[in-house]
Amino acid sequence: MTPEKWFGVVSLFPDMFAPFTQQGVIGRAVKSGKLSVDTFNPRDFTHDRHRTVDDRPYGGGPGMLMMVKPLTDAIHAAKSIGGENSKVIYLSPQGKPLDQAGVQRLANIDRTILICGRYEGIDERVIERHVDEEVSIGDYVLSGGELPAMVLMDAVARLVPGVLGHKASAVEDSFTDGLLDCPHYTRPEVLDGQKVPEVLLSGDHEKIRQWRLMQSLVRTKQRRPDLLNHLALTEEQQRLLDQYQALLRQ
Ligand SMILES: Nc1nonc1C(=O)N[C@H]1C[C@@H]1c1ccc(S(N)(=O)=O)cc1
């Protein structure tokens with residue numbers, strides 16, 4: 001069965017992806033055929049005795065880059081499996097910051113190749129020739145692009161129909177409507193003297209829905225006001241936020 005979504009990962013450390021593709025939500029998605037992850041190791045495309053995969057930067061300076069030929073051979077091998085139209089993404093600090101909108105956009109692409117940088121990165125000409133998008137998971141420099149690749153695949157896989165199953169839904173996740181998620185509670189009803197908010201025990205689903213929305217709005221305003229600046233609040237959201245702010249002024 002053709003998987004709904006295929007990722008081809010170009011990485012010098014393919015073994016890092018085994019636990020990721022065998023456990024949890026992603027493991028179930030792979031087992032059910034909704035997701036498929038193939039790895040392509042540039043080291044498998046070396047021909048010298050030392051299986052060299054790094055190379056010195058022109059112009060000198062510290063650090064190494066990924067050697068071009070093994071890398072581009074691995075990219076071609078990935079394209080031979082995913083197809084020439086596969087979307088090629090390079091994970092790097094220079095990339096566009098990954099957010100939920102970007103995740104949702106990537107969730108609509110069936111064949112994606114992820115290039116995981118190592119060392120100081122890759123030759124700019126490889127980016128120009130093969131990379132469709134550079135994506136960053138945050139403003140910090142990691143030792144490899146493998147963890148960013150797993151972050152991206154996990155966030156995208158959660159949006160693949162059927163991956164989360166009926167018990168959990170990406171719909172109520174943070175950022176799905178652009179807001180942070182509301183607080184959650186489970187047993188016991190009293191934990192270290194702290195009770196679960198009464199409304200959650202009321203069984204009144206409309207009241208619970210409004211309470212949760214209010215909590216999301218307040219949490220977003222308090223913790224990430226920047227997110228609110230980019231949102232067109234619905235009439236209900238604005239009313240609830242106004243109610244909260246009126247309460248604060250009392
Ligand atoms: N943050 C990140 N989001 O996605 N990838 C991230 C990351 O740190 N990848 C690092 C291993 C690779 C890398 C790539 C490019 C550069 S460089 N020379 O361009 O600065 C430095 C390090």
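Contact annotation: the side chain of Leu164 approaches that of Val25 to within less than 4.5 Å [non-hydrogen atoms, C-beta and beyond]. The shortest side-chain heavy-atom distance between Phe40 and Ile113 does not fall under the 4.5 Å cut-off. A 4.5 Å side-chain heavy-atom check between Tyr119 and Val53 finds at least one atom pair inside the cut-off. Between Leu217 and Leu233, some side-chain heavy-atom pair lies under the 4.5 Å cut-off. Two residues are said to be in side-chain contact when any heavy atoms from C-beta on lie closer than 4.5 Å; Val190 and Lys195 meet this criterion. Put simply, the side chain of Leu147 does not reach to within 4.5 Å of the side chain of Ile137, judged on heavy atoms. Considering only heavy atoms from C-beta on, Leu200 comes within 4.5 Å of Arg212 through its side chain. A 4.5 Å side-chain heavy-atom check between Val88 and Tyr90 finds every atom pair outside the cut-off.
Applying the 6.0 Å contact sphere to CZ of Arg239 captures more than 12 heavy atoms from other residues, nucleotides or ligands. Atom CD of Gln245 is surrounded by more than 12 heavy atoms from other residues, nucleotides or ligands within 6.0 Å. Counting heavy-atom neighbours within 6.0 Å of Glu206 CD, excluding the residue itself, gives a total above 12. Counted within 6.0 Å of NZ on Lys221, heavy atoms from surrounding residues, nucleotides or ligands total 12 or fewer; the atom is thus considered open. Summarising the local packing, CZ of Arg187 is surrounded by 12 or fewer heavy atoms from other residues, nucleotides or ligands at distances under 6.0 Å.
Distance check, rounded to the nearest 0.5 Å: CG of Leu228 to CD of Gln237 gives 9.0 Å. Taking CD1 of Ile127 as the start and CD of Glu124 as the end, the distance is 4.0 Å to the nearest 0.5 Å. Taking CG of Leu180 as the reference point, atom CD of Gln215 lies at 12.0 Å (rounded to 0.5 Å). With rounding to the nearest 0.5 angstrom, the CG atom of Leu231 is 10.0 Å from the CG atom of Asp226. Atom CG in Leu12 sits 9.0 Å away from atom CG in Asp54 (nearest 0.5 Å). Summarising the geometry, atom CD1 belonging to Ile122 is positioned 5.0 Å from atom CD1 belonging to Ile115; distances are rounded to the nearest 0.5 Å.
Formation of a donor-acceptor pair under 3.5 Å by the Ser136 side chain with backbone atoms of Gly138 is found in this model. Formation of a donor-acceptor pair under 3.5 Å by the His130 side chain with backbone atoms of Glu128 is not found in this model. In this structure, the side chain of Ser86 does not engage the main chain of Thr112 through any donor-acceptor pair within 3.5 Å. Remark: the backbone N or O of Asp48 is not paired with any side-chain donor or acceptor of Thr46 at under 3.5 angstrom. A donor-acceptor pair under 3.5 Å is absent between the side-chain atoms of Asp55 and the main chain of Leu65, judged by distance alone. Distance alone, capped at 3.5 Å, places no donor-acceptor pair between the Arg111 side chain and the Asn85 backbone. Side chain of Lys34 to backbone of Pro161: no donor-acceptor contact under 3.5 angstrom is found.
Between Trp211 and Tyr185, the ring planes lie tilted relative to each other; the angle falls in the 30° to 60° range.
Contact detail for Cys116 and Glu146: the closest heavy-atom pair is CB-OE2, 3.5 Å. Between Met153 and Ile26, the shortest heavy-atom contact is O-CD1, 4.3 Å. Smallest separation of non-hydrogen atoms from Cys182 and Ser216: N-OG, 3.3 Å. Of all heavy-atom pairs between Gly102 and Leu98, the closest is C-CD1, 4.4 Å. What you find for Met150 and Met16 is that their closest heavy atoms are CE-O, 3.5 Å. Leu91 and Ala149 make their closest contact through CG-N, 4.0 Å (heavy atoms, listed as atom of the first residue, atom of the second, distance).
Between Arg51 and Asp44 there is a salt bridge, since at least one side-chain N of the basic residue sits less than 4.0 Å from a carboxylate O of the acidic one. We find that Lys69 and Asp73 are joined by a salt bridge, their nearest charged nitrogen and carboxylate oxygen being less than 4.0 Å apart. A salt bridge does not link Lys96 to Glu133: none of the charged nitrogens lies less than 4.0 Å from a carboxylate oxygen.
Side-chain contact annotation: Gln104 with Asn108, donor-acceptor N/O pair under 3.5 Å absent.
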Could you go step by step and tell me if Ser36 and Lys5 meet the side-chain contact (heavy atoms from CB on, under 4.5 Å) rule? CA-CA 6 Å; Ser36 169; Lys5 186 167 295 306; over 6 Å; no

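With Phe7 as reference, Val156 is the one residue of Thr39, Val156, Thr21 to meet the side-chain contact (heavy atoms from CB on, under 4.5 Å) rule.
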